[in-house]
Amino acid sequence: FAMSNNDVDAKAFFRQYAAEIAEALREQEDGPRVSSVEESVPELYRSLCFDEPIIDSASANFSVVVSALSRQLLSKSSSYALSDRLVNGVLYLSKRSTNPKTQNESAKSQDSIAIAKLAFCVFVQVPLHICENINNIATVRKYLGSYKGSLSKATEANNNEASDENPTNDAKIDQAVQQLSDGLSGAAISSPDNNADDDDSLKEVWAAESDPSDYDYGEGTPDCPQQSAFQFQEDDWLDPTRLSKPDPTLSLDQAQFAVGSLLKHASYNVLEPLFSLSKKEVTSSTTDLSQLIFNLLQPKSPLANGEADMDASLQDAILSPLWVLRDAAIYSLSKKQQQQGLDSTYLDVLHTLLAVDQAHLQDVGGGAAAPSSQSTDLCTASIVGLSSLSSWCGMAEISTQSTISSVIDAMNDISHVIERASGQYKNNLLHSVIPMMELLSGITYEKAKSIPSNPKIAQTLLNSGFLRQLLVVGLSDSSSGDLSATPNFHHALWGLSVAHPTTVGKYVARFPETKELVRHYSVTTTTTTKDATTPKQCVSSVLWNGFGWIHSTDASAAAPRVVWKTKAAQEKAAAPPLSKDECQEVCQKAWTRLCRLVESSLQIADKDLEAATEALDEWERLFSFVSVMSVSPSFHQLLDEAEIQSVAKCLSSIPQPEKPEPEKPEPEKPEPE
């Protein structure tokens with residue numbers, strides 16, 4: 001009897017796909033086949049190339065495959081390299097893994113560590129290998145592959161928009177609708193000679209809606225050969241080997257832009273899971289970060305002949321590895337993690353950066369005083385080291401004893417940088433050294449904290465030349481009377497002097513320009529200058545004239561004076577010294593003036609609360625400073641305590657706000673029967 005057409009088609013189908021059907025049945029019985037690491041590497045690469053990659057992190061060998069891909073990206077003989085889509089996928093997963101809303105705590109640890117290792121490879125280790133092989137452009141092209149840095153920027157912006165709490169606003173919806181309508185209209189008019197009914201892309205849709213047997217989907221035809229799951233077509237645009245092919249026309253400028261784009265993505269938020277690993281693994285990561293920092297900031301940059309030739313994107317991102325190390329050190333101290341020592345690692349890196357300029361001058365011939373140093377600019381690495389150390393010292397919560405010890409160890413290099421930067425970077429230099437001075441004295445602009453008890457501080461300040469450079473740079477404008485621009489520096493210098501009175505205090509008092517500095521703060525005794533009567537100026541006058549009164553005793557006047565090298569300094573040293581009567585008169589007048597300002601501001605506090613608050617804040621500052629042990633007895637002799645009584649009387653006359661009476665609880669209503 002005759003067989004139907006459907007039976008013939010079914011038998012032909014089974015004959016053609018017998019192997020695939022058997023494989024599917026075997027997998028159903030035995031479970032899915034586990035891919036080897038070699039097979040999983042291209043799968044992972046391909047998965048990362050999608051716009052919003054989804055990877056199978058639940059597999060047992062996920063971390064092993066990630067490590068294998070990282071090794072392939074760092075190997076010169078590997079067939080895998082960077083691409084825009086790969087970098088974009090790694091960045092997407094890194095931000096997603098650090099978002100607590102996208103993962104639960106149980107799955108976060110292992111997955112985030114594996115993804116952070118891959119991100120560290122792409123954003124830190126690949127740029128490091130490029131810096132080490134920058135003289136070989138072929139190797140640079142091999143590491144970068146087809147990566148240009150443009151796609152990752154655009155995708156990062158899209159990811160930032162997608163992570164917004166309210167991304168669905170009317171403007172974005174209207175824009176999307178307009179783009180969709182433009183795309184549809186463009187597709188309709190793109191082929192004016194062909195009708196929409198003749199479009200092959202629509203035939204499949206209409207056939208599926210009507211009758212599946214009316215359309216040939218190409219199954220079983222010789223023109224569409226079957227391929228295995230791991231066999232990529234020649235026109236596959238997600239083929240890892242195709243995306244990894246290096247660009248033979250890549251120039252050095254393009255390489256700079258690509259490296260800068262990679263470094264911009266290196267942040268502590270992305271690499272945070274790495275710093276919770278074992279001490280050995282953390283040390284390996286910090287070593288790579290440190291080496292990358294030194295390569296990027298060395299005097300002759302491996303990516304350019306000079307800073308003027310460096311790409312703008314690289315200039316903006318060149319400090320990203322340093323900020324990663326800084327943030328890791330801050331987090332380890334604030335959270336008291338088990339991984340201690342990251343702050344010491346960061347401070348060691350800063351110390352090395354500070355020493356770069358002096359080593360560079362020795363390489364080119366001569367030290368800081370050599371004629372060749374005048375034509376050689378201060379190295380960027382040393383500038384970065386000084387400013388970063390200043391910022392670190394300015395953080396009150398991390399100013400520990402280890403930081404003080406590190407500053408003392410680097411004092412010679414700091415003095416060298418100050419001497420070299422005193423001409424071109426003077427204004428910024430004074431602001432940079434203030435946090436270091438406050439750290440070594442324990443006295444900030446707001447209050448006097450605990451003074452460090454390290455006996456090496458004072459002697460190191462003198463032996464290294466740091467104190468001399470501070471006085472030369474900070475008080476060099478005293479001859480012209482232009483001292484009003486650096487009051488914070490003057491206060492930091494006062495704090496350093498009273499914290500170490502027997503060494504630093506005496507040295508500062510014998511410096512020629514110190515007399516002009518003390519007399520500069522005597523202007524508060526007059527009423528012609530508007531700023532002379534402010535509470536802040538009164539406090540400065542009390543402090544500095546009290547300092548002058550302490551160091552103008554008979555014993556210090558009889559002490560040998562310092563012999564200065566320049567004639568101008570000798571003339572200033574020969575000027576009339578400060579007398580006790582002069583300093584006492586100014587100090588007492590400034591104290592009386594401050595008390596009068598506090599009284600008057602309290603009397604009109606209801607009309608001008610801001611002025612009263614400012615006066616009381618300065619009053620509190622002064623009492624914090626005069627309570628320092630080394631100067632407290634002297635200020636008890638200088639300041640009239642009767643003025644305190646008048647201020648206390650004004651304070652007691654201020655009506656206190658009435659406290660609201662606590663609300664009485666309402667009686668409970670009896671429940672209805």
Side-chain angles (χ1 to χ4, degrees), residues 44 48 52-53 55 57 62-63 65-67 69-70 73-74 86-128 152 155-156 159-160 162-163 165 261-293 296 317-350 388 391-392 395 397-398:
L44 177 61
L48 292 170
E52 295 183 2
I55 57 177
S57 59
F62 174 69
S63 59
V65 176
V66 169
S67 301
L69 178 58
S70 301
L73 295 177
L74 298 177
L86 176 68
V87 174
N88 174 50
V90 173
L91 183 63
Y92 177 87
L93 288 180
S94 300
K95 293 184 176 181
R96 185 177 177 85
S97 64
T98 55
N99 186 0
K101 297 181 180 180
T102 58
Q103 277 196 350
N104 53 37
E105 292 297 330
S106 60
K108 180 180 178 181
S109 58
Q110 297 299 326
D111 296 348
S112 59
I113 290 174
I115 295 172
K117 288 183 178 180
L118 184 58
F120 187 82
C121 170
V122 173
F123 302 137
V124 175
Q125 291 179 315
V126 170
L128 175 60
S152 59
T155 310
E156 180 182 7
N159 291 339
N160 292 336
S163 62
E165 294 181 357
S261 301
L262 292 174
L263 293 176
K264 285 181 180 179
H265 302 315
S267 64
Y268 177 72
N269 186 36
V270 172
L271 306 176
E272 177 183 0
L274 297 181
F275 297 97
S276 61
L277 302 177
S278 63
K279 183 177 181 180
K280 181 179 179 180
E281 293 177 296
V282 173
T283 302
S284 176
S285 300
T286 55
T287 301
D288 289 342
L289 283 169
S290 303
Q291 194 62 36
L292 179 59
I293 293 169
L296 292 172
I318 200 171
L319 298 181
S320 296
L322 184 62
W323 301 153
V324 173
L325 206 56
R326 177 203 61 186
D327 295 343
I330 294 175
Y331 182 81
S332 65
L333 291 176
S334 61
K335 299 299 182 180
K336 296 181 180 180
Q337 288 183 323
Q338 296 180 354
Q339 290 294 344
Q340 299 296 331
L342 290 177
D343 55 334
S344 301
T345 302
Y346 178 66
L347 291 171
D348 291 342
V349 171
L350 298 185
S388 300
S391 301
W392 180 268
M395 300 179 186
E397 64 273 10
I398 61 174

Nearest heavy-atom neighbours spanning Leu292 and Pro321:
CD2-CG, 3.6 Å

Checking Ala116 now: which residues fulfil side chain to side chain contact (heavy atoms under 4.5 Å, CB included) with it, not counting sequence neighbours?
Pro273, Leu274

For Ser388, check side chain to side chain contact (heavy atoms under 4.5 Å, CB included) against everything at least two apart and list the hits.
Leu322, Trp323, Tyr346, Leu350, Val384

Step-by-step side-chain contact (heavy atoms from CB on, under 4.5 Å) determination, Ser63 to Ile113
CA-CA 8 Å; Ser63 59; Ile113 290 174; over 6 Å; no

I'd like to check Ser290 versus Leu325 (side-chain heavy atoms, cut-off strictly below 4.5 Å). Are they in contact?
yes

Where is the tightest heavy-atom contact between Phe123 and Leu263, given as atom of each residue plus distance?
O-CD2, 3.8 Å

Do Tyr92 and Pro53 have side chains that approach each other closer than 4.5 Å (heavy atoms only, starting at C-beta)?
yes

Got Leu73 and Leu86 here, is their nearest side-chain heavy-atom distance under 4.5 Å?
yes

Just so I know, are the side chains of Leu289 and Thr345 near enough to count as touching, which here means a heavy-atom distance under 4.5 Å?
no

Given 3.5 Å as the limit, does a donor-acceptor pair link the side chain of Ser284 with the main chain of Lys280, or not?
no

Dump the intermediate steps for side-chain contact (heavy atoms from CB on, under 4.5 Å) on Leu277 and Lys117, then the final yes or no.
CA-CA 11 Å; Leu277 302 177; Lys117 288 183 178 180; 4.0 Å; yes

Assess the residue pair Leu128 and Gln291 against the criterion (side-chain contact (heavy atoms from CB on, under 4.5 Å)); give the C-alpha distance rounded to whole Å, side-chain angles, the decisive distance to 0.1 Å, and a yes or no.
CA-CA 8 Å; Leu128 175 60; Gln291 194 62 36; 3.9 Å; yes

Counting C-beta onward and ignoring hydrogens, is there a side-chain heavy-atom pair between Phe275 and Val324 closer than 4.5 Å?
yes

Distance, nearest 0.5 Å, that separates OG of Ser94 from CG of Leu118:
7.0 Å

Taking the side chain as everything from C-beta on, heavy atoms only, tell me whether Val282 gets closer than 4.5 Å to Leu342.
yes

Rounded to the nearest 0.5 Å, the CD1 atom of Ile115 sits from the CG atom of Leu93 at a distance of 5.0 Å

To the nearest 0.5 Å, how far apart are CG in Leu91 and NZ in Lys264?
13.0 Å

Residue set satisfying side-chain hydrogen bond (donor to acceptor under 3.5 Å, both in side chains) with Asp288, at least two apart, ordered chain then number -> Gln125

